[in-house]
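All remarks here apply to the structure that follows.
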Amino acid sequence: MDFTSQVLGGHLFVIPSDARTLVTQGVLDRRLFDVTQLLAWGYGDADTPDIPVISQGMGVQAFTPQGARQTRQLSSLGMSALRVPKANAGQAWKDLTGEGAHTLAAGKAKLWVDGRRSFSLDQSVKQIGAPEAWAQGMTGKDVTVAVLDSGYDPDHPDLKDAVVQERNFSDDPDIRDMLGHGTHVASIVAGRGEKYRGVAPEAKLAIGKLGSDTFTDSALLAGMEWAAVEVKAKVVNMSLGAPDTWELDVAEQAVNTLSERTGTLFVVAAGNDGPVNSPGSAEAALTVGAVDKQNRMAEFSSPGPRITDHAIKPDVTAPGVDIVAAAASGTADGSHVAMSGTSMATPHVAGAAAILAQRHPEWTGAQLKAALIGSAARQPGAGPYQQGAGLVDLVRGLKQQVAATPANVWAAFPWNGTGERVATRTVTYANSGDAPVSLDLTAEGQVLKLSADRLEVPARGEASVALTIDAAGTAPGDYPGTVTARSGETVIRTLAGAYVEPESYDVIVTATGRQGQPADPTVSQVYDAKTGIVHPLAAQNGVAKIRLPEGDWNLYTEIAEKVDGKWITTIADQPVKVDGGDQQVTVDAREGRPARITLDDPTAQPQRRFDYGLAHGKWNYRVMTGGREVNNSLFVVPVRRPGLTYTLATKWLSKDVSPSPYVYDLVHRHADGIPEDPTYNARQKDLAKVTATYRASGVAATGRPLAGFRVSDWPAQSLGWLVGEIKLPGTLTHYRTPGLIWESGLEVGTSLVFDGGRLMQQGQTSEVWNTAVTGPTFLLPGGNRSGDKLTFSAVGSFADAGSGRTGSDSAAAGTATLARDGKVLAKADLPNCGIYEPQGCELRADLPAESALYTLTSSMRRQVPHSALSTGVQSVWTFPSSNTAKEQPLPLMAIRYAPGGLDDFNRAKPGTVTRLPLSVERNPGSPQAEVKSLRLEMSADDGTTWHRIPVVRTGSGWTAAVPNPRTPGFVSLRAAATDTAGAALTQTITRAYAVG
């Protein structure tokens, strides 16, 4: 099996090759492969033996793979909540992807990870000013809003007496909501509940059901026509979408046509992935992005520009993060459920439009759209392409009597267009009030010019101003802006701007397989090495097409095909220079040359796995294979490319001994392209030889040595198992290709220790792992203060004594507290302190701005079978702190011990004296103040009694002589340090090393 590894948006995704197509098809949740998110949810191996998933059979009983345990039946959805034991994951995957009517491979089932959500709607309606509107009697009374979605639950009390019309456009037998989406959306618009009250709680709902999950374009068009023509709804909510295309698709066209013919306003979700979705990309749509409860843009909210002409979309924003609203029967544990998405933001705006329509029943959809855009409140931290005009503001919208149409004005100038890059548009201001209004006009934007800076709008009348969009002489690019009209407290914004297309042409890519037939690449990406921008290509019959701006691009292609019963992969990377016209690019797998790695040790054999990848500037792609040897399995097309690095890695173990007493990590790395001769003939004498000793922590155990050459800055991402489990204590000989930075580590039970990597050089060296004293380190940052917010992480509390290492034990648990003047300001339980799960090992606190002395305490304990040592690790820091202009590391210290003379079980002989070197390690980036005092104590009874041990300054550290007890047991250590900057530490490690 092959795996791709990429870091996207700070999340590590690892996707197996047999899941890629299913993820692309949308039948398999991509989050199942989001390692970062799964660990944050507590789904890691240290937390649960099961994989929590939701299985759906499209219109049939949800398929349950063998060995899975059903935890909840969602009959109305055709869904089941399942727990798949990780021990049975392989068989369950075969069941899900094998042959059969209900499998993922058949396209009639879907699998999600069973994620987690929270928070409430009773907060979100306040964000847009709905309660103030209700106080004015504006509740959307008698205004009809159509909701085109997955139906609704007629029995839900929040929708009692709200729905006046309904129509089923799906193949389902009735209007009932089997998905839960439509019920949730409808109740946000006009829910009648007390706590979870909709935005327009007296509006009339017309529910059109399009489908239970997916639906056809024809069903959507029929629903839109019904809502606008037959129902004559003032507002239509469409929390739906699909990826936008360069063409005007049927849904976009329908929005524009029906808006013009009927005066209905279509309020459409911007989308939760990629650029603004269709039909939110339609000109007439009021397109909605999502913000959280602090009015910050939601990470998932699809931004503009519109892909065709780069116009500003979305138009406005509304709350869409963790919104609690009505749950359809059978789709949640209770009557209400939290959901996130622009699907949840959209009904907030539809409800706001209904309230405005109650105030102004004569307004058309275009006027409602203009009023909502014009009165929106711009939020800091986001531009027009993220938020449009800003957060919907019902209070201002109801108060203002003037609106501008159109509310979004744009011009796109193709690079090879005729004439000047100048366009003139008219913005008309309509006054619905009984008194004239004088408006002061300003244009914010490089290409915007107004014909007047003041405009008189008569009572119950209109006045217009000419807006010139002048992009003559400007460089290619986006020029979003705003026209603002002001009169006292009245503020009316109109979105406006231009796009000047860079010189662009069509690039047609043709791919040929190794047998001379057209081939659809497994992976095909056009990328920009300078920016890391990636454009995926989808080929049909070996041909893909893309339009690219003039410039230097790169094309990565990976073709996997079966030749003579064996899978062969060919990779190629080639320059694509777009300059002066359309062009054809050919990728021919027959040009690939076999990648090979050989070794002169006859006792060794390669493992049936290898890794390969390319890196070019800010772009990289890495594949981890399984089940095949590299020789005669991977072919590469040679190319000379400055800045392109090619890497191929294999492992070799003993043919006869298991576990192998040695491991060869052989890497063929070639700079500036893919080599003409992709062969690496490794010789043992040219390699770096590292003899590693792995100690035991007071008890016999087993461990997994880890290593890998560094491929990114992601902590420990490069580490991989080498020879499986070995007995501890034990040894292993590493042979590594020199000239690369290698990371090393050791996994013992639930603990993990690893270093920051070091450059390997030809010759021999040695390492010792799992050495006492295990305790806190700061290879990874320990915490910071930013402004008045403090963050502390205890994740590096269990590192061994080796220099430059960090470590954790996910079985350890404890607490962290922050106090000032003896008063606890914040406390956090630390239930899980795994390296890959830092969220479970953090304390966060809000602090006063003034300078103060703080006490921060971290206390961790563990009882694990793989270690009898460091059963308790406590650090108590005191330090001064005040408001910071930018993020500053906390002035934290850690005391490190490296006792000499211990055996392979980290034991000292009874009655001996142990020489104990000490050093002080600092939180990275924190002030390096001089340590002015260091005090050491030891205990032989787990901390019941303590004895002072003198320390002597030696070079950059200290040394102590610790008298060991005459009988077997343990030595605990307690040390206190202070520095010249006023920071101090008292650190206690229970059972630091053994005596026996």
Side-chain angles (χ1 to χ4, degrees), residues 753-756 768 771-785 790 792-808 816 853-860 869-870 872-881 888-900 902 914-939 943 946-962 971-993:
V753 177
F754 63 91
D755 62 21
V768 183
T771 55
V773 174
T774 293
T777 67
F778 287 120
L779 176 66
L780 300 178
N784 63 76
R785 177 169 180 164
L790 178 143
F792 165 72
S793 173
V795 75
S797 297
F798 289 91
D800 72 11
S803 176
R805 297 176 184 173
T806 189
S808 67
L853 188 66
Y854 294 93
T855 300
L856 174 64
T857 302
S858 169
S859 182
M860 304 292 297
L869 305 181
S870 295
V873 175
Q874 183 185 70
S875 299
V876 180
W877 296 277
T878 58
F879 55 88
S881 182
Q888 295 288 345
L890 297 177
L892 306 180
M893 297 180 281
I895 298 173
R896 307 280 286 137
Y897 307 95
L902 303 185
T914 293
R915 182 177 180 272
L916 184 67
L918 301 89
S919 61
V920 173
E921 190 172 306
R922 299 279 186 169
N923 188 25
S926 64
Q928 300 294 305
E930 181 183 354
V931 176
K932 64 180 183 180
S933 70
L934 182 70
R935 176 188 176 98
L936 177 67
E937 296 173 289
M938 64 88 68
S939 172
W946 292 95
H947 304 282
R948 177 79 178 270
I949 304 297
V951 294
V952 177
R953 192 70 185 249
T954 53
S956 60
W958 296 260
T959 302
V962 180
V971 169
S972 300
L973 297 173
R974 183 167 69 186
T978 61
D979 68 18
T980 55
L985 163 68
T986 299
Q987 177 181 286
T988 305
I989 298 181
T990 304
R991 300 193 174 186
Y993 62 88

Please find the pair of heavy atoms, one from [X] and one from [Y], that lie closest to each other, and give the distance.
X	Y	value
G900	T914	O-CG2, 3.6 Å
P880	A981	CG-O, 3.8 Å
A772	P899	O-CD, 3.3 Å
S870	F798	O-CE2, 3.5 Å
S972	T990	OG-CA, 3.5 Å
P891	P927	CB-CD, 4.5 Å

Taking C-beta and beyond as the side chain, do [X] and [Y] meet within less than 4.5 Å on heavy atoms?
X	Y	answer
T774	V753	no
L934	I895	yes
Y854	T878	no
L936	W958	no

Apply side chain to side chain contact (heavy atoms under 4.5 Å, CB included) to [X] and list each qualifying residue two or more places apart in sequence or on a separate chain.
X	value
A898	none
V971	M938, V962, N964, P965, L973, Y993, V995
T857	T817, T855, Q874, V876
A801	T771

Contacts of type side-chain hydrogen bond (donor to acceptor under 3.5 Å, both in side chains), residue [X], not counting sequence neighbours:
X	value
S939	D941
T980	none
T959	T954
S859	none

Worksheet item: What pairs of residues pass the side-chain hydrogen bond (donor to acceptor under 3.5 Å, both in side chains) test when at least one of them lies in residues 922-932, not counting sequence neighbours?
Response: R922-D979
Item to complete: Just jot down the ring pair (Phe, Tyr, Trp, His ring centres under 6.0 Å) partners of Y897, sequence neighbours excluded, or say none.
Response: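 Residues passing ring pair (Phe, Tyr, Trp, His ring centres under 6.0 Å) with Y897: none at all.
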Can a donor-acceptor pair be found, under 3.5 Å and without considering hydrogens, that links the side chain of [X] to the backbone of [Y]?
X	Y	value
R935	R974	no
E937	W946	no
W877	M893	yes

Once you round to the nearest 0.5 Å, how far does [atom1] of [X] lie from [atom2] of [Y]?
X	Y	atom1	atom2	answer
I949	L916	CD1	CG	9.5 Å
S803	R896	OG	CZ	7.5 Å
S858	Q987	OG	CD	10.0 Å
D800	L869	CG	CG	11.5 Å

Fill in: F754 vs T806, side-chain contact (heavy atoms from CB on, under 4.5 Å): CA-CA, chis, key distance, verdict
CA-CA 6 Å; F754 63 91; T806 189; 3.5 Å; yes
Fill in: Side-chain H-bond candidate by donor/acceptor type, S933 with T978, under 3.5 Å
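Indeed, the side chains of S933 and T978 share at least one donor-acceptor pair under 3.5 Å.
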Would you tabulate the side-chain donor-acceptor contacts of residues 777-784 under 3.5 Å, counting partners in other chains and residues two or more places apart, or write 'none'?
from: T777; atom 1: OG1; to: R805; atom 2: O; distance (Å): 3.0

